[in-house]
Chemist: 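A single structure is presented below for examination.
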Amino acid sequence: MDATGLISKIYEAALTIDSGRKGFAIRGKADEGRLFYEQGIAEALSAFRDAQSTVDPQIIALVEYTYLSLELKFCDKTDTDTFGSLTQAIQSFKDALLALKIAEDPPSYKIAEQTYPNDKKHRVKNFPKDSYHIACGSHRTRLLNFTRTPGVDTIEKTLLKQRRANLSTAQKGYIEKQKKALLPN
């Protein structure tokens, strides 16, 4: 599936999940809400798995960015902790997509790479730990923390684990782009 199709699939899944969550809070609509919620989670899981199968760091980042943007849209503005966390994650993925664009231009990336320290804490497999790696790493931690939250539904934990797996796949694909940009042919 192409990026547009996956983003559309994620959009629909997020809408369905949100409808389900809102249905939980309405007296007499809890069962219907549960069905929407489970359907949305299944749709999102399918979309995230499809994104992972592309092994394309851009598609995986775009799908995650879209999902985060929709979570922010549905977030209650009074929930400042969640609102702040989502805003930060979205900005991290914007930065990651910029790093990806530069990594796809070898001359530019070779120059940018010289600005990164050579200390191993600033490297991932000897490549610069730039904003793409930082976004994936910090978001993977954010998702892991969410899976540890008491009361998170088991089916949602499955989705969170898939999203974490996607980030690892994205980083591996990104390292391949870094290799292509930095190593002699």
Side-chain angles (χ1 to χ4, degrees), residues 1 3 5-57 59-97 124 129 131-174:
M1 184 173 279
L6 284 170
I7 289 170
S8 177
K9 200 171 173 183
I10 280 295
Y11 183 83
E12 291 300 321
L15 285 174
T16 306
I17 291 168
D18 186 60
S19 294
R21 284 183 177 145
K22 288 177 178 162
F24 288 155
I26 300 171
R27 187 176 301 224
K29 296 286 185 176
D31 289 340
E32 185 178 331
R34 181 72 187 179
L35 291 173
F36 275 114
Y37 173 76
E38 289 178 0
Q39 177 187 348
I41 294 286
E43 290 170 1
L45 187 58
S46 172
F48 279 110
R49 284 181 178 151
D50 289 347
Q52 184 184 29
S53 71
T54 69
V55 193
D56 183 330
I59 289 176
I60 293 170
L62 284 171
V63 168
E64 188 64 41
Y65 173 83
T66 301
Y67 193 77
L68 288 167
S69 297
L70 290 165
E71 282 186 314
L72 181 64
K73 180 180 176 186
F74 301 136
C75 181
D76 186 344
K77 305 296 184 263
T78 61
D79 184 356
T80 55
D81 291 334
T82 302
F83 195 83
S85 178
L86 289 170
T87 302
Q88 184 178 7
I90 288 166
Q91 184 58 54
S92 291
F93 277 98
K94 284 180 183 177
D95 295 343
L97 290 165
V124 176
K129 186 177 185 179
S131 56
Y132 196 95
H133 292 292
I134 292 168
C136 288
S138 62
H139 194 54
R140 211 175 16 254
T141 300
R142 184 180 290 110
L143 294 172
L144 177 63
N145 289 340
F146 195 53
T147 61
R148 293 176 176 164
T149 303
V152 173
D153 198 295
T154 307
I155 63 171
E156 191 158 358
K157 284 184 181 187
T158 303
L159 178 60
L160 293 166
K161 289 175 184 175
Q162 179 62 51
R163 290 170 66 194
R164 286 184 63 229
N166 282 22
L167 296 171
S168 295
T169 300
Q171 270 188 285
K172 288 175 188 168
Y174 184 68

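Index from 1, following the sequence.
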Chemist: Of the non-hydrogen atoms in R142 and A89, which two are nearest, and what is the gap between them?
Modeler: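 Scanning both residues completely, I find the closest heavy atoms to be NH1-CB, 3.2 Å.
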
Chemist: Minimum heavy-atom separation for T82 to C75, with atom names?
Modeler: CG2-SG, 3.9 Å

Chemist: Provide the closest heavy-atom pair for S92 versus A135 in the form atom of the first, atom of the second, distance.
Modeler: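 In terms of heavy atoms, the two residues are closest at O-CB, 3.4 Å.
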
Chemist: Check residues 7-14 and write down every donor-acceptor pair under 3.5 Å in which the side-chain atom is one partner and the other belongs to a residue at least two apart or another chain.
Modeler:
residue : atom : partner : partner atom : Å
K9      : NZ   : S46     : OG           : 2.8
K9      : NZ   : D50     : OD2          : 2.8

Chemist: Looking at D31, I want to see if its CG is surrounded by more than 12 non-hydrogen atoms of other residues, nucleotides or ligands under 6.0 Å.
Modeler: no

Chemist: Shortest non-hydrogen contact from A170 to Y132?
Modeler: CB-OH, 3.3 Å

Chemist: Please evaluate residues D95 and I134 with respect to the criterion side chain to side chain contact (heavy atoms under 4.5 Å, CB included), reporting the C-alpha separation (whole Å), side-chain torsions for both, the decisive distance (0.1 Å), and the verdict.
Modeler: CA-CA 9 Å; D95 295 343; I134 292 168; over 6 Å; no

Chemist: Could I get the full list of salt bridge (Lys or Arg N to Asp or Glu O under 4.0 Å) partners for R34, not counting sequence neighbours?
Modeler: E38, D153

Chemist: Sequence neighbours left out, what pairs pass ring-ring contact (aromatic ring centres under 6.0 Å, His included) with at least one residue falling in residues 68-90?
Modeler: none

Chemist: Do you know the tightest heavy-atom contact between T54 and A51?
Modeler: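 So the minimum-distance heavy-atom pair works out to OG1-O, 2.6 Å.
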
Chemist: Starting at OG1 of T169, measure out to CD of Q52 and round the result to the nearest 0.5 Å.
Modeler: 3.5 Å

Chemist: Looking at F93, I'd like to know if its CZ atom is crowded, meaning that more than 12 non-hydrogen atoms belonging to other residues, nucleotides or ligands lie closer than 6.0 Å.
Modeler: yes

Chemist: Got a list of side-chain donor-acceptor pairs under 3.5 Å for residues 59-70, not counting sequence neighbours?
Modeler:
residue : atom : partner : partner atom : Å
E64     : OE1  : R163    : NE           : 3.3
E64     : OE2  : H139    : NE2          : 2.8
E64     : OE2  : R163    : NE           : 3.0
E64     : OE2  : R163    : NH2          : 2.4
T66     : OG1  : L62     : O            : 2.8
S69     : OG   : Y65     : O            : 2.9

Chemist: Could you check T147 against V152 for side chain to side chain contact (heavy atoms under 4.5 Å, CB included), going step by step and ending with a plain yes or no?
Modeler: CA-CA 7 Å; T147 61; V152 173; over 6 Å; no

Chemist: Any chance NZ of K161 has more than 12 other-residue heavy atoms, nucleotides or ligands included, within less than 6.0 Å?
Modeler: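 No - once you tally the heavy atoms of other residues, nucleotides and ligands closer than 6.0 Å, there are 12 at most.
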
Chemist: Could you give the distance from CD (Q88) to CG (L86), rounded to the nearest 0.5 Å?
Modeler: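 Here the rounded value is 10.0 Å.
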
Chemist: Considering residues at least two apart in sequence or located in another chain, which fulfil the salt bridge (Lys or Arg N to Asp or Glu O under 4.0 Å) criterion with K22?
Modeler: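 Partners of K22 by the salt bridge (Lys or Arg N to Asp or Glu O under 4.0 Å) criterion, ordered by chain and then number, come out as D18.
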
Chemist: Residues in ring pair (Phe, Tyr, Trp, His ring centres under 6.0 Å) with Y37, at least two apart?
Modeler: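 Partners of Y37 by the ring pair (Phe, Tyr, Trp, His ring centres under 6.0 Å) criterion, ordered by chain and then number, come out as F24.
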
Chemist: Please give me the minimum heavy-atom distance between G40 and I17, naming the atom from each residue.
Modeler: C-CG1, 3.4 Å

Chemist: Atom CZ in R49, atom CD in Q162: separation rounded to 0.5 Å?
Modeler: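 One finds 5.5 Å between CZ of R49 and CD of Q162.
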
Chemist: Begin from the C-alpha positions of R148 and N145 and carry the test side chain to side chain contact (heavy atoms under 4.5 Å, CB included) through to its verdict.
Modeler: CA-CA 5 Å; R148 293 176 176 164; N145 289 340; 4.1 Å; yes

Chemist: Measuring from Q91:CD to S131:OG, what's the distance to the nearest 0.5 Å?
Modeler: 10.0 Å

Chemist: Hey, what do you get for CD (E43) to CZ (F36), rounding to the nearest 0.5 Å?
Modeler: 10.0 Å

Chemist: Roughly how far, to the nearest 0.5 Å, is the OG atom of S19 from the CG atom of L15?
Modeler: 6.5 Å

